Amino acid sequence: MDQKKILVIGSGGREHAICWKLASSPKISRVFCAPGNSGISQHAACISLRVSDINGLVSFVKKEGIDMTVVGPEAPLVEGLADSFSKHGLAVFGPTKAAAEIEASKVFSKELLTEAGIRTGSYKVFTDPDAAFDYVKSIVGVPVAIKADGLAAGKGVLLAHSLAEAEEAIDLILRKKVFGEAGNRLIVEEFLTGEEASFMAVTDGTTVLPLATSQDHKSVFDNDMGPNTGGMGAYSPAPVVSSALFDDIMENIMRPAVKAMAKAKRPYQGVLYGGLMIRDGIPEVLEFNCRFGDPEAQPILMRLRTDLMEIFEAALEGRLNEIKLEWDPRTAVCVVMASGGYPGNYETGKVIHGLEKVAEMQDVMVFHAGTAKDGDRFVTSGGRVLGVTALGNTISEAIDLAYEAVGQISWEGMHYRRDIGQKALRHTSGAAGMPENRHTGSTAKVGIVMGSLSDKEVMEAARDILNEFGIACELRVASAHRSPGLTASYAGEAEARGIKVLIAGAGMAAHLAGTLAANTILPVIGVPVGNSALNGIDALLSTAQMPPGVPVATMAIGEAGAKNAALLALQILALEDRDLARKLKEYREAQAKEIEELEIGN
Ligand code: AMP
């Protein structure tokens, strides 16, 4: 295979995640990043060119023979980087200046949405401050959203809760011109309430390929208090987006938006990001962005299993319809660690401690947003400094792991939110009947129950196999003898919660599988754990010897049994999932090939 050179433009956590993911692609020989940061330089060669230096970037790409350029932030796209690159015959992932206007002009974006009949808050455009205030005072009232038309580094949206605040917002934008030219016009928009979610899709202009869902945390303090920031954390998937809602968003927002852009002679290629407000299951568009969200890209790319380069290539070649995305079914949580004072003034150059400890943690990535090197030490160089991102089987496991990693890191004055992921937790906790999210695999299909925490190591072998096949599972401790009530209620409620198969691992007098089976009609697979004086023979017999009428499928003792339990669970699920059946066939074929190719000397 001809390996390619790729350039990523930008210097934040989003670009770190993109570079990290691309660096693992077999299709790529070398990743470059302009300008990048010290964290990014672990995966890419950083080039000291500013993102606004379009001519410099064109020259570099030509000189170095870069095969493709990927643009992280919106500013260079809005400035026409993609147009300049195309003019020079250079491949670039990201929309043209005309298409990027979907983010660069709120007026354009609102007109497009209205024309295409896509749900969004009602609005009116103003250039005259008195007329704008009159409209607020006499027609819409407060609360109300007042938005500068153009790009304002994420600060151009002012939410006014009183008429005085509305008057001040209008004054700031149209008279005081705090956002400069971006505030030549403003829109007064209906105030929407509900829960926000980020919905991103990659598109080649025809096919719209949705990414996993996510949710950002814009306010600087816990419980969404304080001023807006670039984003203080994110998680993926976002359970607020049920499977039905996902289809609704694709059908009624994302596909029509891409179609409307083509109709407006602004064909869209790149990532289209919909910032949505969801109320009573109905999504409305708050804004569109023309690139990956940051920090959302960090948890999303941590979960992406498909080669990112393959996606970019397909988007450029207009064959995204050939791509099927594969996701890690686990949840990813990203906690942003920021400099003291951010989003206001802050100092830089503070030495960051503890990164080496986190580097040893499994399922944790620290994406750098604003770091530099001082000798061999990392120091802070921006407002948002790090995106500490962790994977977990459940949202709470991901939150715990992310904060465990955050706890290892420190620098003078740092701050971070302590409630990242709590909204997702609210959706999942006690959510009997929570809608299954087939697109993101967010809901467990297999319950792995163990009699004691000491069985965890063995039972994790089952979890790993399920994860490998993209099937979400949950791990629980429940004892047949020591917590019989919990065991019975877990089994009793499992079916209603969308679980299809139960796996039970226990040692000694292992009645766990039997107790579960007695309380459900779901198939139960027992794994005897060999932690007793009898090395598991006791557990094997107590798992297998069920009275007629209450079946338990019993596997081998220990890890081999746990692995087979997962495979049997997959085979059961595959009866109604052709894709999974295909993957199981491939797995068997690979297994056979491995053995056939074994060579032993004489
Ligand atoms: P935007 O840059 O348009 O996403 O706006 C930034 C943030 O302001 C959003 O994430 C929302 O939290 C909030 N916001 C924007 N528009 C509205 C609206 N019409 N009603 C209520 N909140 C809004």
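All ligand and atom numbering here is 1-based and tracks the order in the structure. This structure is a prediction, so every number in the text was calculated from the model and none was measured.
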Q | Residues that Gln215 engages under side-chain hydrogen bond (donor to acceptor under 3.5 Å, both in side chains), provided they are two or more places apart | A | Glu195, Tyr235
(Q) Looking at Asp149 and Lys110, is there a salt bridge between them, counting it only when a charged N and a carboxylate O are closer than 4.0 Å? (A) no
(Q) What I'd like to find out is whether the side chain of Glu15 reaches to under 4.5 Å of the side chain of Ile40, using heavy atoms alone. (A) yes
Q.
Are the side chains of Lys177 and Phe179 in contact, using a 4.5 Å heavy-atom criterion?
A. no
**Q.** Residues forming a side-chain hydrogen bond (donor to acceptor under 3.5 Å, both in side chains) with Lys324, sequence neighbours excluded
**A.** Asp579
For residues 270-278, which side-chain N or O atoms pair as donor and acceptor with protein atoms under 3.5 Å away, sequence neighbours left out?
residue, atom, partner, partner atom, Å
Tyr273, OH, Ser198, OG, 3.1
Tyr273, OH, Glu296, OE2, 2.6

(Q) Residue by residue, ordered by chain and number, which ones reach under 4.0 Å of ligand 1 with a heavy atom? (A) Lys106, Ala145, Lys147, Val157, Leu159, Glu189, Glu190, Phe191, Leu192, Glu196, Lys218, Asn228, Leu286, Glu287
